[in-house]
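The structure appears right after this line, and notes come after that.
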Protein chains: 2
Amino acid sequence: MYPASAAHESGQPQRRNLSNDLASAVAAMIHRESLQPGDQLDSVKVLAARFQVAVPTMREALRRLEAMGGVTLRHGSGVYVGENVRRMVLPNPLYPKPTRGMLVELLEARRQIEPPIAALAATVRDPDGMESMIATLSEAERCVSEADEQLWLVNLNFHRTIAVAGGNTVLAEVIDSIVFIHAEEQLEILRLHGDERRDFEEHRHITELIVAGDVQAARSAMEEHLDNVIQIVRERLSG
Amino acid sequence: MYPASAAHESGQPQRRNLSNDLASAVAAMIHRESLQPGDQLDSVKVLAARFQVAVPTMREALRRLEAMGGVTLRHGSGVYVGENVRRMVLPNPLYPKPTRGMLVELLEARRQIEPPIAALAATVRDPDGMESMIATLSEAERCVSEADEQLWLVNLNFHRTIAVAGGNTVLAEVIDSIVFIHAEEQLEILRLHGDERRDFEEHRHITELIVAGDVQAARSAMEEHLDNVIQIVRERLSG
DNA sequence: ATACATATAGTGATCTAATCACTTTATGTT
DNA sequence: AACATAAAGTGATTAGATCACTATATGTAT
């Protein structure tokens, strides 16, 4: 239960301690038993007994796992496998509100990653993926016409659906992570943009190109869309 | 101390509980006081008293933070700010060994992201960044000529240095995360490659182009390099 | 038989208190 | 000044208790 420290580890190596080893052991158990998100694990007390540790020690381990979204402890109910258990790339949930400079970096990172994703989506043209994009686009259209303030959330999901439609799990997780980190700023970005209809039309244009399988055009349209967003943010945030 | 649940949260929303709120509060304290990685926090006991909770409760919160690399608990010494405290995108440290299919997805994600990074690096030509690349390249050359088995680790770092030289923090974190997830597989990939010298020459070629500021050529060279790697991995892993 | 209310059992959440293990600092000796 | 030892501080883990919430079982009314 004391595996060699991984020298290639990102950040400082974790010192050996029971809670760390237990977190790894519980994660390994989840994977070995092919448990899925939502599946229930044994109770904290039973897990503690199984691994022959005290309950608070197992609790510390589970809190580690919970921080990654690998498990969920539900008060009065039990311990469940979390949605992120098989996720590779995660956003830091405790990252503070991004500075203006970092907001621009986040957008520029998306500027590099999302156009190839749009191209991938136009290449694979996955029916479910395209269906999701179209459904999200309809929801966005409803928000625009009804001046629903939830538009910013829908726009977030729109970018996520494109990433998923690209068919590469890693890229989808990356975009989801980036979008998560500056999610609240999206509301401000939409406000800075000042033209929800134009933003929506750009989203629609991208969707049409992806659905039509026009790979290069989809890529270019996404580039242009994100360039527009970055430009607006740069101008408005430099005042 | 019970902020509204973030509806845009990636994965399932965290239920309110003390340990979760405390983790957030400690993270916010670290950011508010501009503490840096390696800085020491108050002891667990003092933190517990400050936030008026029991020690085990504070410990659970700190384990959450530790899982993200936001703090480090050093036995007998104290609580320190961790290296990931200001990191946005993280690898899941408990992710199991990638399947072959996922390994290919990881490489393909890099295929989309790293060429634009190489182009960025060739654009900004940051002296420190280029110096790191060259130093890592020298180390790789030494490993190749001395048949040092650490070559795979050095190659990992080579890609990281390019990502950092690109000047975009988010992209660097993304690459670091992706590289981390399939780090151990890099050893196998290098073995599958079967030609360390050629791999090294490709790395050197990319470096020269970046240093020379040849943006398009750097991009293309990185594309070609990763295409080669993916092709080899596809062929060898399909048998 | 069905629907609703209440009680019980199970389970997580937090606390108090103790002991052990490690690190850092202080003190003593050469 | 260098080294050794002791003491203090701190994290690590355990044991045990109480409280809060959820799920299940049981009872009552229609």
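Here is the naming used below: chain letters follow the sequence lines, and residue numbers restart at 1 for every chain.
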Problem set entry | Short side-chain N/O contact from A/Ser77 to OP1 or OP2 of C/dT11, under 4.0 Å |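 Answer no for this pair, as no side-chain N or O of A/Ser77 is under 4.0 Å from OP1 or OP2.
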Problem set entry | Contact under 4.0 Å: B/Arg59 side-chain N or O vs C/dC15 OP1/OP2 |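 It does not, given that no N or O in the side chain of B/Arg59 lies less than 4.0 Å from OP1 or OP2 of C/dC15.
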Problem set entry | Ionic contact status for B/Glu139 with B/Arg142, cut-off 4.0 Å |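 Between B/Glu139 and B/Arg142 there is a salt bridge, with a charged N closer than 4.0 Å to a carboxylate O.
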Exercise. Got a salt bridge between A/Glu108 and A/Arg111, using NZ or NE/NH1/NH2 to carboxylate O under 4.0 Å?
Worked result: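 No.
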For this session: Compare all side-chain heavy atoms of A/Lys45 with those of A/Met58 and state whether any distance is below 4.5 angstrom.
Result: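 Answer no - side chains too far apart.
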Exercise. Do A/Met133 and A/Ile210 have side chains that get closer than 4.5 Å, going by heavy atoms?
Worked result: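 With C-beta onward as the side chain, the pair touches.
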Problem set entry | Earlier contact from the 5' end, DNA chain D, for B/Ser43 and B/Pro56 |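 Comparing both residues, the 5'-ward one is B/Ser43.
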Problem set entry | Given DNA chain D, 5'-ward residue of the pair B/Val46 and A/Ala54, judged by closest heavy atom |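 On the 5' side of the pair lies B/Val46.
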Nearest whole Å is fine: how far is [N] [atom2] from [X] [atom1]?
| X | N | atom1 | atom2 | result |
| --- | --- | --- | --- | --- |
| A/Leu47 | C/dG12 | CG | P | 8 Å |
| B/Arg64 | C/dT14 | CZ | C1' | 14 Å |
| B/Lys45 | C/dT16 | NZ | P | 13 Å |
| A/Asn17 | D/dA12 | CG | P | 6 Å |
| B/Asp42 | D/dG11 | CG | P | 10 Å |
| A/Glu60 | D/dT13 | CD | C1' | 8 Å |
| A/Tyr80 | C/dT11 | OH | P | 10 Å |
| A/Gln40 | C/dT11 | CD | C1' | 9 Å |

For this session: Could you tell me whether B/Val55 contacts a base, only the sugar-phosphate backbone, or nothing, with contacts defined as non-hydrogen atoms closer than 4.0 Å?
Result: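 Contact class for B/Val55: none.
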Problem set entry | Summary of ring pair (Phe, Tyr, Trp, His ring centres under 6.0 Å) pairs that have at least one residue in residues 158-177 of chain A, sequence neighbours excluded |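 Residue pairs passing ring pair (Phe, Tyr, Trp, His ring centres under 6.0 Å), neighbours aside: A/Phe158-A/His203, A/His159-A/His203, A/His159-A/His225.
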Considering only side-chain heavy atoms of [X], which listed nucleotide, [options], is closest?
| X | options | result |
| --- | --- | --- |
| A/Arg63 | C/dC15, C/dA13, D/dT13 | C/dA13 |
| B/Leu73 | D/dG11, C/dT16, D/dT13 | D/dG11 |
| A/His75 | C/dG12, D/dT13, C/dT14 | C/dG12 |

